[in-house]
Amino acid sequence: MTNGERDRGRDADRIDVEAPEESLDAALAEDEANALAAAQGKLQSVQKDLEDLKDRHLRKLAEFENHKKRSERERQEYFKIALAGFVHDFLPILDNFERALEHARPEDLASDFGQGIVIIRKQLGELWKRYGLIPIDTSGSFDPNLHEAVATEETDAVSPNTILAELQKGYFLNDRLIRPAFVKVAVRKGDSAPAAATPSGARRDSGG
């Protein structure tokens with residue numbers, strides 16, 4: 001065999017050896033690309049599941065907050081209804097307590113017992129104020145939204161419709177009128193009595 005033939009044979013051997021290495025690299029690169037594509041697909045799927053889970057969580061959280069707010073509103077409304085019922089039952093007792101104090105003699109109120117009663121009266125007022133029970137002002141003119149004229153007096157000493165006396169206290173409960181004040185009102189001779197009708201559900205800001 002000539003030298004040229006031997007050289008050609010060696011070249012052929014080198015080609016045959018290098019060719020499988022290139023095929024292996026290509027196969028590895030393809031496998032790596034496929035694995036990367038699969039990993040990216042799984043990552044996108046996981047991200048989508050995570051977004052769906054986050055969205056469901058936010059919806060559940062919003063539903064919970066709405067339920068909590070609704071429950072709180074219902075609780076407060078129930079409390080107001082229960083409080084209004086209790087106040088209506090308690091007001092006659094409070095009226096009698098106030099009348100008893102108004103008719104007490106000064107020396108009785110100056111005693112230790114009388115001072116104790118005065119303190120109880122003050123504590124009751126503070127307690128009811130804390131729960132929203134506020135007396136209606138009767139120091140000015142008659143307002144049919146807040147007052148009920150149960151008596152009149154003909155006089156020229158003050159302007160017509162001036163409240164001369166408070167015969168029974170009226171009250172707001174949390175800015176809603178629950179009982180009008182019974183009052184005596186000044187009228188001119190020959191004038192008709194003030195309107196005594198009181199709209200139900202009138203609010204504190206409707207007349208003063």
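Here the structure is a predicted model, which is why all the values come from computation and not from measurement. Heavy atoms only: backbone and side chains are in, while hydrogens, waters and symmetry mates are out.
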I'd like to know if Lys68 pairs up with Glu65 as an ion pair, taking the criterion as any Lys NZ or Arg NE/NH1/NH2 lying under 4.0 Å from an Asp or Glu carboxylate oxygen. yes
Can you tell me how far [atom2] of [Y] sits from [atom1] of [X], rounded to the nearest 0.5 angstrom?
X: Phe86; Y: Leu173; atom1: CZ; atom2: CG; answer: 11.5 Å
X: Glu74; Y: Glu77; atom1: CD; atom2: CD; answer: 9.5 Å
X: Arg176; Y: Ile134; atom1: CZ; atom2: CD1; answer: 15.5 Å
X: Ile93; Y: Asn96; atom1: CD1; atom2: CG; answer: 8.0 Å
X: Ile117; Y: Ser111; atom1: CD1; atom2: OG; answer: 9.0 Å
X: Asn174; Y: Leu83; atom1: CG; atom2: CG; answer: 6.5 Å

Using modelled atom types only, decide if a donor and an acceptor are shared between the side chain of Ser45 and the backbone of Gly41 within a distance under 3.5 Å. no
Output yes when a side-chain donor or acceptor of Asp108 lies under 3.5 Å from a complementary backbone atom of Ala104, and no otherwise. no
Sort out for me which residue in His103, Arg121, Lys169 forms a side chain to side chain donor-acceptor pair (under 3.5 Å) with Glu98. Arg121
Determine, using the 4.5 Å side-chain heavy-atom cutoff (strictly less than), whether [X] and [Y] are members of one ILVMFWY cluster.
X: Phe113; Y: Leu101; value: yes
X: Leu50; Y: Leu43; value: no
X: Leu53; Y: Val46; value: no

Could you check if a side-chain atom of [X] sits within less than 4.5 angstrom of a side-chain atom of [Y], using non-hydrogen atoms only?
X: Tyr131; Y: Val87; value: no
X: Val183; Y: Val150; value: no
X: Glu51; Y: Gln47; value: no
X: Val185; Y: Thr162; value: no

Which residue in the set Glu153, Glu148, Glu154, Glu166 passes salt bridge (Lys or Arg N to Asp or Glu O under 4.0 Å) when paired with Lys184? Glu153
Of Lys54, Arg56, Lys48, the one forming a salt bridge (Lys or Arg N to Asp or Glu O under 4.0 Å) with Asp52 is Lys48
Would you please test Leu109 and Val118 for side-chain contact (heavy atoms from CB on, under 4.5 Å) and show each step? CA-CA 7 Å; Leu109 294 178; Val118 171; 4.2 Å; yes
Work out which heavy atom in [X] is nearest to a heavy atom in [Y]; give both atom names and the distance.
X: Leu167; Y: Ala151; answer: CD1-CB, 4.2 Å
X: Ala186; Y: Ser159; answer: CB-O, 3.9 Å
X: Ala181; Y: Thr138; answer: CB-CG2, 3.6 Å
X: His147; Y: Asp137; answer: NE2-O, 3.0 Å

Between Gln76 and Glu72, is the side-chain hydrogen bond (donor to acceptor under 3.5 Å, both in side chains) condition met? List the steps. CA-CA 6 Å; Gln76 292 179 356; Glu72 179 63 19; 3.0 Å; yes
Candidate pair Leu177 and Tyr171, rule side-chain contact (heavy atoms from CB on, under 4.5 Å), full reasoning: CA-CA 6 Å; Leu177 180 70; Tyr171 291 93; over 6 Å; no
Go through it in stages, so that I can follow the logic: the residues are Leu133 and Ile178, the test is side-chain contact (heavy atoms from CB on, under 4.5 Å), and I'd like the CA-CA distance, side-chain angles, deciding distance and then a yes or no. CA-CA 9 Å; Leu133 186 69; Ile178 62 168; 3.8 Å; yes
If you apply the rule side-chain contact (heavy atoms from CB on, under 4.5 Å), what do you find for Leu164 with Val158, and how did you get there? CA-CA 9 Å; Leu164 299 175; Val158 295; 3.8 Å; yes
Aromatic contact, Phe90 with Trp128 (centres under 6.0 Å): yes
Please assess Asp49 against Lys42 for the test salt bridge (Lys or Arg N to Asp or Glu O under 4.0 Å), listing each intermediate value before the final yes or no. CA-CA 10 Å; Asp49 291 341; Lys42 289 181 179 180; over 6 Å; no
